[in-house]
Amino acid sequence: MSSSERDPQTTAPDESAGSDGASPSAAPAPEEGAAGAEGMGAPAERAPEGSDAAGAPVPPRGTARGDGDAELRAAEVPLPLRSAVTDVASTRVVVLGGGPGGYEAALVAAQLGAAVTVVERDGLGGSTVLTDVVPSKTLIATAEVMATVTESTELGLRFPGAGGGGTDAGSAVTVDLDKVNSRVRGLARAQSQDIRERLEREGVELLAGRGTVLAPDRVQVELGDGGTRELRADVLLLATGSHPRELPDAMPDGERILTWKQLYDLTELPERIVVVGSGVTGAEFANAYEALGSDVVLVSSRDRVLPGEDADAAQVIDDVFRRRGMTVMARSRAQSVVREGDGVLVTLSDGREVRGSHCLMAVGSIPNTAGLGLEEAGIRTSESGHVVVDRVSRTSIRGVYAAGDCTGVLPLASVAAMQGRIAMWHALGDAVSPLKLRTVAANVFTAPEIATVGWTQAQIESGEAQGQVVKLPLAGNARAKMQGIHDGFVKLFCRTGSGTVIGGVVVSPRASELVFPLTLAVEHRLTVDQVAHAFSVYPSLSGSLAEAARRLHTAPEVD
Ligand SMILES: Cc1cc2nc3c(=O)[nH]c(=O)nc-3n(C[C@H](O)[C@H](O)[C@H](O)COP(=O)(O)OP(=O)(O)OC[C@H]3O[C@@H](n4cnc5c(N)ncnc54)[C@H](O)[C@@H]3O)c2cc1C
């Protein structure tokens with residue numbers, strides 16, 4: 001199925017589905033550090049931090065913000081050379097989990113002619129649609145508008161009746177969080193329903209219930225409406241996702257001490273929210289609530305926020321957060337969080353106390369693999385509980401595949417979806433290329449956003465990649481000046497000698513949209529000259545990408 005044939009509502013963020021056609025050997029190895037300590041010393045958060053839970057340094061990471069075990073796992077898995085099945089029409093595919101890792105795989109398997117059953121415990125679309133990506137980005141959409149409005153007085157807007165003679169836009173605009181959250185929940189439900197309808201149209205059998213693996217070819221389902229059912233599987237895909245890490249001394253109560261899944265039941269804006277964890281999830285929510293009007297305290301165990309990101313980019317966000325009035329507590333580790341009347345008390349490991357009306361715990365995720373029957377079925381998991389897979393999503397057992405957050409390869413919806421598709425292409429004998437993490441584009445939805453792709457500057461500076469770097473602050477860009485954009489930059493990395501674009505960073509409003517030309521350049525190994533020779537609109541922020549490419553041009557040697 002080509003991406004254009006898909007209902008855009010039902011496709012995962014990565015809609016460029018398909019065999020990438022690149023040689024497997026050309027794909028560089030994943031290089032991320034495995035687990036990220038944040039806030040309370042938890043392991044891997046969405047963007048793993050730069051140290052493990054004990055604070056030990058891990059290798060620098062690139063845009064591919066995943067688990068450094070991935071390549072090791074690929075090497076460890078003893079696997080057969082041929083695909084699991086030969087007769088697709090009579091092949092029974094069972095998928096555990098209806099998030100993007102699962103439902104995108106089901107669509108591919110159905111398209112290829114297999115008989116497919118998806119078993120889903122909570123709701124189609126998974127955490128991605130119901131509690132994580134869709135809700136958070138919908139909330140952030142409102143926060144973005146708030147931020148734009150409150151910063152618009154520089155452009156000449158005035159708000160009659162507001163303080164400061166109409167220049168204090170913050171006092172003129174308020175948010176109805178009940179309404180925002182009801183919109184968030186409605187959108188999530190609608191998208192889940194779209195996915196259900198799409199799967200049904202494709203002839204996929206849907207079972208509401210919890211699946212457990214009895215054997216590599218047998219799954220038991222405890223049906224949501226009672227009873228059990230046993231399924232036979234020629235191909236089994238595990239796509240069970242992950243859930244927020246909870247800490248014994250900071251147990252969420254769903255009212256004041258919250259995981260990110262519980263935020264959407266709030267009916268009133270938190271007066272003062274303490275966010276524990278300054279990885280991607282913590283930073284995105286801290287940014288959003290600050291923009292919506294909460295007083296925000298961000299507790300970060302590291303020197304600055306977003307320690308897993310490009311250092312310059314993270315510094316921009318750190319500076320912006322502080323400038324906007326957020327309290328950023330660096331090198332601070334939360335020891336415990338308890339209810340105190342109508343508020344919360346966060347005690348740091350050095351004894352300091354922080355009070356707030358609410359606390360958001362954003363200290364990492366753990367895979368949904370416990371009690372799934374994996375050990376009994378001989379399916380190998382890592383110490384962290386992730387399913388060990390190779391780059392075509394095979395587990396240690398023939399015919400059993402895994403995709404998404406339960407593998408810990410790279411906790412992004414786009415990667416989960418691609419792993420799921422790759423699993424089915426491989427299992428059902430279609431053309432397939434191994435997963436390439438180097439070309440994954442990722443984004444942090446703060447204001448400004450941080451979008452990244454390819455190798456990192458840290459890797460270039462450490463000599464891991466031979467490259468040149470150019471960085472252009474957006475402050476010099478004509479469009480940025482017109483729009484009142486003061487923070488941000490574009491950075492471009494090219495291979496020394498060949499001039500091939502190997503990576504880049506964009507820090508700007510809507511960086512998630514601007515990074516695409518860089519992703520194309522990295523994917524198709526364009527040179528900086530090829531990028532520079534393409535027209536960009538004048539004036540435009542993307543003009544800075546072309547300008548960065550021009551600056552990396554190396555004049556030909558003259559005899
Ligand atoms: C706050 C937040 C924001 C994020 N924002 C982004 C973003 O902007 N972009 C991005 O790319 N990524 C984002 N991510 C990461 C993204 O959410 C995950 O990488 C993605 O959800 C992984 O998809 P999945 O299919 O592996 O798992 P999920 O979407 O979690 O789906 C797994 C499903 O399996 C089901 N399940 C579990 N066990 C069983 C069982 N035994 N039987 C049956 N069903 C079972 C669960 O109910 C769940 O529905 C975000 C994460 C968080 C926490």
Side-chain angles (χ1 to χ4, degrees), residues 12-14 44-47 65-67 94-106 117-141 188 191-192 195 206-213 219-224 231 237-245 259-264 277 279-285 288 360-374 386-387 393 402-421 423 440-446 449 451 512:
D14 171 13
E45 210 262 310
R46 178 146 64 90
R65 299 177 291 175
D67 185 328
V94 174
V95 178
L96 287 194
Y103 74 73
E104 286 287 337
T117 304
V118 173
V119 182
E120 169 52 52
R121 194 185 57 185
D122 298 336
L124 286 162
S127 308
T128 309
V129 168
L130 294 170
T131 56
D132 295 357
V133 186
V134 171
S136 65
K137 264 79 255 185
T138 310
L139 178 84
I140 287 167
Q191 192 151 345
S192 175
I195 292 166
L206 304 175
L207 288 184
R210 183 177 179 278
T212 17
V213 181
V219 165
Q220 176 159 299
V221 185
E222 285 164 46
L223 296 165
L231 303 171
L237 177 74
L238 308 168
T240 52
S242 62
H243 61 276
R245 182 177 169 78
T259 70
W260 59 77
K261 293 179 191 290
Q262 296 167 332
L263 290 169
Y264 308 102
V280 176
T281 300
E284 286 185 353
F285 282 116
L360 168 65
M361 299 299 297
V363 292
S365 298
I366 47 181
N368 295 330
T369 52
L372 210 54
L374 302 186
H386 291 101
V387 184
S393 310
D405 281 9
C406 70
T407 69
V409 167
L410 206 157
L412 288 175
S414 52
V415 173
M418 188 56 84
Q419 282 182 291
R421 295 183 200 112
V440 176
N443 194 63
V444 183
F445 290 83
T446 44
E449 297 179 0
S512 47

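All ligand and atom numbering here is 1-based and tracks the order in the structure.
- Per-residue contacts place Asp122 under 4.0 angstrom from the following atoms of ligand 1 (heavy atoms of the residue considered): 47 (O).
- The shortest separation from a heavy atom of Gly209 to ligand 1 is under 4.0 Å, placing the residue in contact.
- Close contacts between ligand 1 and Val119 involve ligand atoms 43 (C), 44 (N) [criterion: under 4.0 Å to a heavy atom].
- Residue contacts with ligand 1: Phe445 is included, with a non-hydrogen atom under 4.0 Å away.
- Atoms of ligand 1 found under 4.0 Å from any heavy atom of Leu372, numbered from 1 in the order shown, are 41 (N).
- Of the polar atoms of Asn368, none of the N or O atoms is found under 3.5 Å from an N or O of ligand 1, judged by distance alone.
- In this structure, of Pro135, Ala239, Gly98, Gly126, the residue bringing a heavy atom nearest to atom 32 (C) of ligand 1 is Ala239.
- Using modelled atom types, one finds no donor on one side chain facing an acceptor on the other under 3.5 Å when comparing Thr240 with Asn368.
- Rounded to the nearest 0.5 Å, atoms CD (Glu104) and CD1 (Ile195) are 8.5 Å apart.
- Between the Ser393 side chain and the Gln419 main chain, a donor and an acceptor come within less than 3.5 Å of each other.
- Ligand 1 places these atoms under 4.0 Å from at least one heavy atom of Gly404: 26 (O).
- Taking a cut-off of under 4.0 Å to the non-hydrogen atoms of Lys137, the atoms of ligand 1 that pass are 3 (C), 4 (C), 5 (N), 6 (C), 7 (C), 8 (O).
- Nearest heavy-atom pair, Arg245 versus Ile366, reported as atom, atom and distance to 0.1 Å: NH1-CG2, 4.3 Å.
- For a threshold of 3.5 Å applied to N or O pairs, the pair formed by Trp260 and ligand 1 contains no separation below that value.
- The closest heavy-atom contact to atom 6 (C) of ligand 1, among the options Leu207, Asp132, Val440, Val133, comes from Val133.
- With hydrogens and angles ignored, the 3.5 Å screen pairs a side-chain donor or acceptor of Gln262 with a backbone N or O of Thr259.
- Side chain of Thr138 to main chain of Val134: a donor-acceptor pair is present (N/O by atom type, distance under 3.5 Å, no hydrogens or angles).
- Applying the side-chain contact (heavy atoms from CB on, under 4.5 Å) criterion to Glu120, with sequence neighbours excluded, gives Asp122, Leu124.
- Among the atoms of Gly211, some N or O lies under 3.5 angstrom from an N or O of ligand 1.
- Ligand-side atoms of ligand 1 in range of Pro411: 15 (C), 19 (O), range being under 4.0 angstrom from any heavy atom.
- Both the backbone and the side chain of Thr240 come within 4.0 Å of ligand 1, counting heavy atoms alone.
- There is no side-chain donor-acceptor pair under 3.5 Å between Glu284 and Ser136.
- Inclusion of Arg210 in the set of residues having an N or O under 3.5 Å from an N or O of ligand 1 is not warranted.
- The minimum heavy-atom distance between Leu412 and Ala441, with the atom names listed, is CD1-O, 4.4 Å.
- If you number the atoms of ligand 1 from 1 as listed, the ones under 4.0 Å from a heavy atom of Ser136 come out as 3 (C).
- Inter-residue side-chain proximity for Val213 and Leu238 is flagged as met; some heavy-atom pair is nearer than 4.5 Å.
- Residue pairs meeting the salt bridge (Lys or Arg N to Asp or Glu O under 4.0 Å) criterion with at least one member in residues 127-136, sequence neighbours excluded: Asp132-Lys261.
- Residue-ligand proximity, Gly241 to ligand 1, at heavy-atom distances under 4.0 Å covers atoms 26 (O), 27 (O), 30 (O), 32 (C).
- Note: an N/O pair closer than 3.5 Å links Thr128 and ligand 1 by distance alone.
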